[in-house]
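What follows is a short report on a single structure.
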Amino acid sequence: MRDMLILDSHIDTPGYIVDEGYQLAEEHRYYEADIPRLKRGKVGAVFFGVYVQPQDFPPERWLGRAL
């Protein structure tokens, strides 16, 4: 597996960074990803999912929230 590119195709962590001050550089026992665990798992690439839950925000805030 050392010669394979491991790709996680959807991680929701950016929402936790914005909403909860989640520190990507610190190892956590919860949520999907942090840098220490990604390194340990030899993950070579990720796609961070950015989403807005429509029930939590009015439509005029969706774009700004995602950005």
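When all heavy atoms are compared, the tightest approach of I35 to A25 is CD1-CA, 4.2 Å. When all heavy atoms of F57 and W62 are compared, the closest pair comes out as O-NE1, 2.9 Å.
Within the 4.5 Å cutoff, the side chain of F48 has no heavy atoms near those of the I17 side chain. Put simply, the side chain of I11 does not reach to within 4.5 Å of the side chain of F47, judged on heavy atoms.
For E27, the side-chain hydrogen bond (donor to acceptor under 3.5 Å, both in side chains) partners two or more places apart in sequence, or in a different chain, are R40. Partners of R65 by salt bridge (Lys or Arg N to Asp or Glu O under 4.0 Å), not counting sequence neighbours, listed by chain and number: D19. Scanning for ring-ring contact (aromatic ring centres under 6.0 Å, His included) contacts around Y22 gives H28, Y30, Y31, with sequence neighbours left out.
Atom CZ of R37 is surrounded by more than 12 heavy atoms from other residues, nucleotides or ligands within 6.0 Å.
Going from atom CG of D34 over to atom CG of L24 covers 7.0 Å, rounded to the nearest 0.5 Å. Once rounded to the nearest 0.5 Å, the distance linking OG1 of T13 with CD of Q23 reads 12.5 Å.
The same ILVMFWY cluster, assembled from side-chain heavy atoms under 4.5 Å apart, contains both V46 and Y16.
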